[in-house]
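Any value given below was found using the heavy atoms of this structure, including those in side chains, with hydrogens, waters and symmetry copies removed. Atoms within each ligand, like the ligands themselves, are counted from 1 in listed order.
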Amino acid sequence: MPGWTTQDIPDQSGRVAVVTGANSGLGFVTARELARKGARVVLACRSEARGNAPVDRLRAELPQARLELGRLDLGDLASVRDFAAGFPYERLDVLVDNAGVMALPYGRTADGFETQFGTNHLGHFALTGLLLPALLAAPGARVVAVSSPAHALANIDMRDLNGERRYRRWIAYARSKTANLLFVHELARRAAAHGSSLVAAAAHPGYAATNLQTAGPRAEGRRAAERFMSIGNRVFAQSAEAGALPVLYAATDPGVRPDSFTGPSFAMWRGVPAPSWRAPWTLSDAAGERLWAASEELTGVTYGALKA
Ligand SMILES: NC(=O)c1ccc[n+]([C@@H]2O[C@H](COP(=O)([O-])OP(=O)(O)OC[C@H]3O[C@@H](n4cnc5c(N)ncnc54)[C@H](OP(=O)(O)O)[C@@H]3O)[C@@H](O)[C@H]2O)c1
């Protein structure tokens with residue numbers, strides 16, 4: 001992996017990929033590079049209006065690319081179910097669970113879940129479970145969860161998954177990113193127990209300049225916070241291109257191990273893809289099982305083919 005770049009992405013011809021949140025930031029770069037290497041890519045976006053322009057841009061840049069726009073709102077299980085029900089392919093080789101929101105004020109998804117936990121974890125849990133038959137139909141399929149160094153700020157609180165007792169926006173974000181890692185841990189364990197070739201892995205971009213940092217303050221009209229975040233992005237962040245590399249590595253490199261966590265090489269912040277440190281609580285079998293059971297109950301999505 002030393003010095004890994006997009007040049008190292010193996011040929012993706014004949015493979016089908018879904019990237020959530022592909023209209024912006026890391027998801028856009030990930031979708032573009034998978035398409036450049038020949039994958040058929042479904043860009044799963046919550047807003048058709050915001051998805052159309054990036055798809056047009058990609059079509060202009062890569063005229064041979066096979067791209068589709070799919071409507072997917074991870075904050076609405078009905079939308080997740082519609083997306084999965086309308087998924088037109090029998091196999092799915094790469095699923096990049098990338099979309100996310102960060103540090104929003106307390107809010108609820110359409111199904112009543114706290115917004116960050118509901119979008120970043122539960123929506124992806126349901127999506128992956130509903131697409132499982134297609135993933136299992138593709139030998140060696142990949143599921144990549146995009147987590148964050150911020151996961152290290154907090155373990156999940158099983159007694160208060162929806163932040164109803166106490167809500168702190170950054171802690172809630174951290175918990176949702178811990179949930180991403182526990183999800184991958186448990187999915188990898190289940191795949192191994194069933195002798196499945198499915199590879200579940202996680203990645204993070206370090207700190208990359210995208211809409212993530214400004215979307216929340218902008219939606220709340222917090223102008224000073226938005227400006228502060230924009231300056232931070234300009235001064236300290238690496239580009240979305242660089243931030244997407246660990247995600248692309250986890251999605252495509254033949255050497256990726258199940259339950260691995262790839263991020264930038266320098267201080268979990270910037271650099272080329274490298275194995276990343278993760279908090280010990282993200283490797284707990286017991287926590288992974290408990291979160292899985294709660295997620296099945298909350299979403300109503302069960303992973304029949306990978307039962308514990
Ligand atoms: N950038 C960083 O420094 C950084 C660091 C660590 C981890 N990450 C993680 O990287 C991932 C990608 O973020 P990014 O930095 O590329 O940010 P971004 O540019 O804001 O992209 C986030 C994407 O997620 C989509 N999204 C948000 N809520 C959604 C929902 N309910 N349903 C479907 N899609 C939804 C957004 O759609 P809209 O455009 O419609 O809002 C957007 O396409 C996130 O999981 C984030 O936690 C980023």
Side-chain angles (χ1 to χ4, degrees), residues 18-32 42-55 69-80 82-83 96-104 107-111 113-124 126-127 144-153 170 172-181 183-184 202-219 226 229-230 232-234 236-248 250 261-264 268-270 276:
V18 170
V19 181
T20 68
N23 58 295
S24 171
L26 310 175
F28 177 77
V29 178
T30 301
R32 185 190 68 205
V42 181
L43 293 92
C45 305
R46 71 170 146 174
S47 151
E48 217 170 307
R50 281 195 294 278
N52 276 325
V55 170
L69 181 61
R71 164 110 172 82
L72 170 74
D73 183 351
L74 292 159
D76 181 354
L77 289 176
S79 167
V80 177
D82 283 351
F83 178 88
V96 184
D97 287 336
N98 159 78
V101 286
M102 182 173 81
L104 300 184
R108 290 180 189 270
T109 65
D111 307 280
F113 310 132
E114 183 277 309
T115 308
Q116 300 191 73
F117 180 64
T119 306
N120 299 355
H121 169 63
L122 288 176
H124 281 129
L127 177 70
V144 178
V146 181
S147 182
S148 167
H151 82 272
L153 291 174
W170 283 101
Y173 177 66
R175 289 189 165 137
S176 75
K177 293 289 132 181
T178 280
N180 293 153
L181 284 164
F183 167 63
V184 158
H204 75 86
Y207 177 12
T210 64
N211 286 330
L212 189 74
Q213 298 83 5
T214 46
R218 193 177 311 126
E226 188 185 346
M229 289 294 195
S230 303
N233 276 6
R234 271 199 304 262
F236 299 113
Q238 58 176 356
S239 65
E241 312 282 328
L245 281 181
V247 179
L248 284 160
F261 188 32
T262 305
M268 298 188 89
W269 171 25
R270 59 197 306 149
S276 194

Salt bridge E241-R32, side-chain N to carboxylate O under 4.0 Å: yes
Salt bridge check: are E226 and R218 linked by an N-O gap of less than 4.0 Å? yes
Below the 3.5 angstrom mark, is there an N/O of [X], backbone or side chain, next to an N/O of ligand 1?
X	value
G100	yes
L212	yes
S148	no
A22	no

Polar side-chain atom of W269 near backbone of F236 as donor-acceptor pair, under 3.5 Å: yes
Kindly say whether A174 contributes a backbone atom to a donor-acceptor pair with the side chain of Q116 at under 3.5 angstrom? no
Mutual orientation of the aromatic rings belonging to H121 and F183 [parallel < 30°, tilted 30-60°, perpendicular > 60°]: perpendicular
Any idea how F261 and H151 line up, ring-wise: parallel (<30°), tilted (30 to 60°), or perpendicular (>60°)? perpendicular
From T20, V101, N23 - option closest to atom 42 (C) of ligand 1 by heavy atom: N23
Nearest non-hydrogen contact to atom 4 (C) of ligand 1 from the set G243, P205, S79 belongs to P205
Heavy-atom distances under 4.0 Å decide this one: backbone, side chain, both or neither, for L72 against ligand 1? backbone
With a 4.0 Å heavy-atom cut-off (strictly under), which part of S147 contacts ligand 1: side chain, backbone, both or neither? backbone
Under 4.0 Å from a heavy atom of [X]: give me the atoms of ligand 1 that qualify, with their elements.
X	answer
T119	28 (N), 29 (C), 30 (C), 31 (N)
Y173	7 (C), 8 (N), 46 (C), 47 (O)
Y207	3 (O)
N98	11 (C), 12 (C), 44 (C), 45 (O)
G75	31 (N)
G25	16 (O), 19 (O)
K177	44 (C), 45 (O), 46 (C), 47 (O)
G21	23 (C), 24 (O), 25 (C), 43 (O)

Please determine, by modelled atom types, if [X] and [Y] share a side-chain donor-acceptor pair under 3.5 angstrom.
X	Y	result
T20	N98	no
N120	S176	yes
N233	Y207	yes

Nearest to [atom], what protein heavy atom do you find, and at what distance?
atom	value
atom 15 (O) of ligand 1	T210 OG1, 2.6 Å
atom 5 (C) of ligand 1	G206 O, 3.1 Å
atom 34 (N) of ligand 1	A99 CB, 3.5 Å

When rounded to the nearest 0.5 Å, the distance separating CG of N180 from NE2 of H124 is 7.5 Å
